[in-house]
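I have placed the structure first, in the form of structure tokens, so that the comments after it can refer back to it.
Source: prediction; values computed, not measured. Reckoned from all heavy atoms, side chains included, excluding hydrogens, waters and symmetry mates. Quick note on labels: first sequence line is chain A, next is B, and so on, each numbered from 1.
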Number of protein chains: 2
Amino acid sequence: MDIKTTCLGVLMLGDASGYEIRKSFEEGPFSHFAEGGFGSIYPALTKLSQEGLVTCTAHQQEKRPAKKVYHITDSGWSHLEAAMREKIPSEDKIKSDLLFVLFFADWQSPDWIARVIDARIAYYREKLDYMAECGTQFEKTMGRSLVLGFGMAVYQASLDYLVANREAFIAVAGQARSSLSSAAE
Amino acid sequence: MDIKTTCLGVLMLGDASGYEIRKSFEEGPFSHFAEGGFGSIYPALTKLSQEGLVTCTAHQQEKRPAKKVYHITDSGWSHLEAAMREKIPSEDKIKSDLLFVLFFADWQSPDWIARVIDARIAYYREKLDYMAECGTQFEKTMGRSLVLGFGMAVYQASLDYLVANREAFIAVAGQARSSLSSAAE
DNA sequence: TCCGCTATATATCAATTTGATATATTTTTA
DNA sequence: TAAAAATATATCAAATTGATATATAGCGGA
């Protein structure tokens, strides 16, 4: 699913600007399964306009840059529909710097491993609180609500695993040669 | 963590060729938290050689292309060490076409949603069986074993959620306008 | 036995995406 | 009242993806 298709998905929920689409990826309903920054969103919207998959209306605002609001067309919806049933969705792509660092826990200092784990535990707790709030805004019977539940289940499992194995990770730290003596400043 | 640093990580487990590094990302011990294809691995290894972070030895093989085996240097290990303690690891990057499709379940056919979910359930079961086997090869006390456990916990939670909510997803399918009438061929 | 599929192995490259930077104003926080 | 965060779009070098090319060996099925 490329960035153009993902933008069309966001626009299915209502008209939006590039800035607002970015927020959907960052903290909104797509945040736990989609990615995309300004550098890909703005060019994608330009191409979608050229292809007639979206329309664009400039909303002049007082003392602020004009907001370009995008609206999905019938043709855009057809494109999205086709993309979603084209093939069985491919494997999730996951890139985790945390797991990379923890993989080599035995070559690092217990201090640093503790800091890294504690930061992530705090992050998961915050995220889960936020998502629980969001959940109350949807009807329980909608796809988007079930997908939110999926995200929460995965975050909860990650949190539980880190809490349960925090001491074990710290215990293996510093067991190999040349372990780091101090945590980053 | 860029691809060069990730390659150094793989080489910490032992000398390897580009092909073997790719396998680590695809099915080996890094498969559930790292990404990288030939198109990024080969250029990365060339740059690492130029920078003296790895050495390269060509192993002639009978009737097969020469295998270039890479070995991490002390300088390479220092680089990896520095990268791992540079800052608290950033958020995981997750891109899931499955969740994107399920998010719009109400615009799609129950048939298609069922196929998509069943395919993923089968995938998670296979993956978990494979990982359980791998787990027996490591000592329980190593970072890599704990990280494998993390991956398994996440896959198990995903599997459980899909199994528990399969019927709910199918029930919401086809509730909105213009739902797809048939699954892909 | 022959055909196709999978595995071993490296390499290239167009297209896409990332991540940083630039610009400018308003609103909120300390 | 000064600094920081939020609103808003845009660009671009660098990194990465995904597809393709090139060769050979081995294995299973018709």
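- Between the CG atom in Asp92(A) and the CG atom in Asp97(B) there is a gap of 8.0 Å [rounded to 0.5 Å].
- At a threshold of 4.0 Å, the pair Lys47(B)-Glu51(B) does not count as salt-bridged, since none of the basic side-chain nitrogens sits closer than that to a carboxylate oxygen.
- Separating the OH atom of Tyr19(B) from the P atom of dT24(D) is a distance of 17 Å, rounded to the nearest angstrom.
- Ring planes of Phe30(A) and Phe25(A): perpendicular class, angle over 60° (limits at 30 and 60°).
- Axis deviation across the helix from dT1(C)-dA30(D) to dA30(C)-dT1(D) amounts to 60°, comparing end segments of five pairs, rounded to 10 degrees.
- Looking at heavy-atom distances under 4.0 Å, Lys23(B) makes contact with sugar-phosphate atoms alone, never a base.
- Note that CG of Leu45(B) is 11.0 Å distant from CG of Leu53(B), once rounded to the nearest 0.5 Å.
- Within a heavy-atom distance below 4.0 Å of DNA chain C, the residues of residues 38-52 of chain A found are Gly39(A), Ser40(A).
- If you chain together ILVMFWY residues whose side-chain heavy atoms come under 4.5 Å of each other, Tyr42(B) ends up grouped with Tyr19(B), Phe38(B).
- Under the 4.5 Å side-chain criterion, counting only non-hydrogen atoms from C-beta, Lys68(B) is not in contact with Ser17(B).
- Atom CG in Asp2(B) sits about 12 Å away from atom P in dA20(C), given to the nearest Å.
- Electrostatic pairing of Glu35(B) and Lys93(B) does not count as a salt bridge here, judged by no charged N lying under 4.0 Å from a carboxylate O.
- Between Ile3(A) atom CD1 and dG19(C) atom P there is a gap of 12 Å when expressed in whole angstrom units.
- Between Asp106(B) and Arg144(A), none of the side-chain N atoms (NZ, or NE/NH1/NH2) sits under 4.0 Å from a carboxylate O, so this pair counts as no salt bridge.
- Nucleic acid contact class of Lys93(A) (heavy atoms, under 4.0 Å, all strands): sugar-phosphate only.
- Ring geometry, Tyr155(A) versus Tyr123(A): the interplanar angle exceeds 60°, so the pair is classed perpendicular (tilted spans 30 to 60°).
- The shortest distance between the side-chain N/O atoms of Ser17(B) and the OP1/OP2 oxygens of dT10(C) is below 4.0 Å.
- Per the geometry, CD belonging to Glu35(A) stands 12 Å off P belonging to dT17(D), to the nearest Å.
- Taking for each of Lys95(B) and Gly18(B) the nucleotide of DNA chain C with the nearest heavy atom, the 5'-most of the two is the partner of Gly18(B).
- Protein atom NZ of Lys68(A) is 11 Å distant from nucleotide atom C1' of dA8(D), rounded to whole Å.
- In this entry the distance linking CD1 of Ile21(B) with P of dA9(C) reads 13 Å, nearest Å.
- Atom CD in Glu26(A) sits roughly 13 Å away from atom C1' in dA6(D) (whole-Å rounding).
- When rounded to the nearest whole Å, the span between NZ of Lys4(B) and P of dT18(C) equals 20 Å.
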